[in-house]
Protein chains: 2
Amino acid sequence: MKQFKILYAEDDAALAFLTKDNLELKQYKVSHFTNGQDCLKAFNKEYFDICILDIMLPKMDGFELATAIRKKNADIPIIFLSAKTLNEDKIKGLRLGADDYLVKPFSIEELILKINIFLKRSNKITASNNNFYEIGSIKFDSENYLIIKQEEKISLTQREADLLKLFIENKNIVLKREKILTALWGSNDYFLGRSLDVFVSRLRKIFAAEASISFDNVHGIGFKCSM
Amino acid sequence: MKQFKILYAEDDAALAFLTKDNLELKQYKVSHFTNGQDCLKAFNKEYFDICILDIMLPKMDGFELATAIRKKNADIPIIFLSAKTLNEDKIKGLRLGADDYLVKPFSIEELILKINIFLKRSNKITASNNNFYEIGSIKFDSENYLIIKQEEKISLTQREADLLKLFIENKNIVLKREKILTALWGSNDYFLGRSLDVFVSRLRKIFAAEASISFDNVHGIGFKCSM
DNA sequence: GTCATCATTTAAATATCGTTAACAATTTTT
DNA sequence: AAAAATTGTTAACGATATTTAAATGATGAC
C-alpha cells in the first residue's frame, strides 16, 4: 500500500506530537515543521501529497506559506488548522486556494476524514485499484514496476513506472509539462523539466518496438501518449 | 460559460430563498426542494453537478438522502448544511461520503468558495468547459490542439489553436485586429499584425475544403469568422 | 566506508515555432 | 486610372524547446 506524505506545519509542540502520532498510526508519513520557512524549504525539496498548515507560525505564517506552495503547485490539497474562529480568516484561507479550514480544537477523526476526502478528490487515491495494463503485446504491472514483454521482464524504477502510469491513465490527451511535473515531482521548475525529458526518452526506448504506443511531444505544451 | 447545476435541499423557506438567490446571482442553476423525497426524485431524474443538503428534512433526512445519492453516484460532491454543531454529526456526514459540512449560520461567501473547490476537485470545472467544437464535418479539440477530419488528424500549434478558438467563440461577428492581438499576443503593434495575417492564412488553408466556415477580412478593421 | 542503483544535471545536437521580409494581390483613396 | 494602403502567401531566419548521451550527485544496501 502506498504511504501518503503529509507536510505538516504547527508550532504548538504538544499538539503537533499528538497529531503526528495519530496520523502515523493511520500509516501516513508525516514531515513536521515548527516554522513556515523550514516548511517551505522542505516543500521545495521533497514530494508531498497534501499539506496541513497552522496559520500562526513563526518566520512565515500559514497564509504566506500556502501562497508560496500554491505558486509552485496548483493542485496539491491544502488544509488550514487554526485557533482563530474568525470568519474573515476562514474566507481568506479559502481564497488563497486552500481546500479546507479546520478550527482548533478539531477532532483527529475529522482531520483524517478530510485528508482522505482531498486525497481522493485530487486523484492521489485511485478509486479503481487498477495497476495492471496492457499495451499491445506488452503488459505493465504498475504495482511491481514491471514491464512484461513476450519472454522478457524489464524492471522499471519508481519514476519510470509513475510516469508511464500517468501517461496510460491520460492516454490520447495532451498532458501539460506543468501538470506532469506537479503530479510526479510535486513542483514545477526548469531542471525538473529536463529530468522529465530524460524519463520520456527512456520510456520511448522501452517501447520503441511497440507500434501501438508512442509518447509524442507537443511543442511548448507537454506530451501526449497515443495508444 | 457553463452553468453548474446545484441540487439544494432545505426546509427553512426564508434561508432557502436567500441562499438560492445568492447562488443564482453567481450564475449557478439551483433546484431547490423542501423535503428529502422530492430531492431524491429530482436527483434520479436530472443531472446535477453538486449537492447541498440540509440535515433536518421532512420525509427523508439529509443523511439518508446523501446515502441514496452516493449509491447512485460515487463522485458527485456533497456538502452538508446543518444547525447541529455536534461533532458526532459532522463525522457521521463525512463518513457517509460527504465532502464537507457547514454549520449554520454559514457565510454565503464561504459556501460559494466551497462549491467551487469541490467543482474543481471533481473535475467539473475544467472537464466540461467547452473545448470541443464541430465545424461541418470537421471537429476541433481545443484542449488537445487537434483538428479531426474524416480520417486525418492535424495537430495545431498553441497559437493556431488559440486563434481558431477565439474565432469560433466569436463566430459571425467582426473581431477587430486590435482585439485579437491583445487577446492572443497581449499587445498590438505592426509586426504582430502581420503575424496574425500569417496565422489567418494557415487556418484558411486547413479549412479550405470546408465550405461551412470561412475567415473573412474586413478591410481596415479585422476579421470575421463566418459559419 | 564501498558499491550499486537511480535521479538529476549538463551539454551539445536537433527540431519546431513564431516572426519577419519580400512580393503579389486586393481594396481604398485621390 | 494611378497611387496608396491594406491584405495574402510563401519562405527563410532566429529564438526557443526538445532530445539524447554522458557526467554528476544522492541514497541505501552490504
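All figures in this text were calculated on a predicted structure; none of them were measured in a lab. Below, chains carry the letters A, B, ... as their sequence lines are ordered, and counting in each starts from 1.
The nearest whole Å value for the distance from the CG atom in A/N217 to the P atom in D/dT16 is 17 Å. One can place CG of A/L156 at 16 Å from P of C/dT5, the figure rounded to the nearest angstrom. As a whole-Å value, the separation of B/L203 CG from D/dT9 P is 11 Å. In this structure, A/Q158 atom CD and C/dA7 atom P are separated by 8 Å, rounded to whole Å. Distance, B/R159 CZ to C/dC17 P: 13 Å, rounded to whole Å. When the P atom of D/dA17 is taken as reference, atom CZ of A/F191 falls 14 Å away, rounded to whole Å. Atom CZ in B/R202 sits roughly 13 Å away from atom P in C/dT20 (whole-Å rounding). Distance, B/I221 CD1 to C/dT27 P: 15 Å, rounded to whole Å.
Between C/dT8 and A/R194, no contact under 4.0 Å exists linking OP1 or OP2 to a side-chain N or O. Listed pair B/W185 / C/dT19 meets the phosphate criterion, a side-chain N or O lying under 4.0 Å from OP1 or OP2.
Counting non-hydrogen atoms under 4.0 angstrom, A/V198 reaches a base of the nucleic acid. Within 4.0 Å (heavy atoms only), A/T157 reaches sugar-phosphate atoms of the nucleic acid but no base atom. Residue-level contact check: A/E160 touches neither bases nor backbone, having no heavy atom under 4.0 Å from any strand.
A donor-acceptor pair under 3.5 Å is absent between the side-chain atoms of A/D54 and the main chain of A/A9, judged by distance alone. Between the side chain of B/E160 and the main chain of B/L203, no donor-acceptor pair closer than 3.5 Å is present.
In this structure, A/R202 satisfies the cation-pi test against A/F199, with its NZ or CZ atom closer than 6.0 Å to the six-membered ring centre and inside 45 degrees of the ring normal.
Taking for each of A/K205 and A/R177 the nucleotide of DNA chain D with the nearest heavy atom, the 5'-most of the two is the partner of A/R177.
Note on ring orientation: taking the six-membered ring where Trp is involved, the planes of B/F4 and B/Y28 are tilted (angle from 30° to 60°). Using the six-membered ring where Trp is involved, A/F223 and A/F167 have ring planes that are perpendicular, over 60° apart on the 30 and 60° scheme.
Of the listed nucleotides (D/dT20, C/dC17, D/dT6), C/dC17 has the atom at the smallest distance from the side chain of A/H219. Side chain of B/F223, nearest nucleotide from D/dT18, D/dT6, D/dG8: D/dG8.
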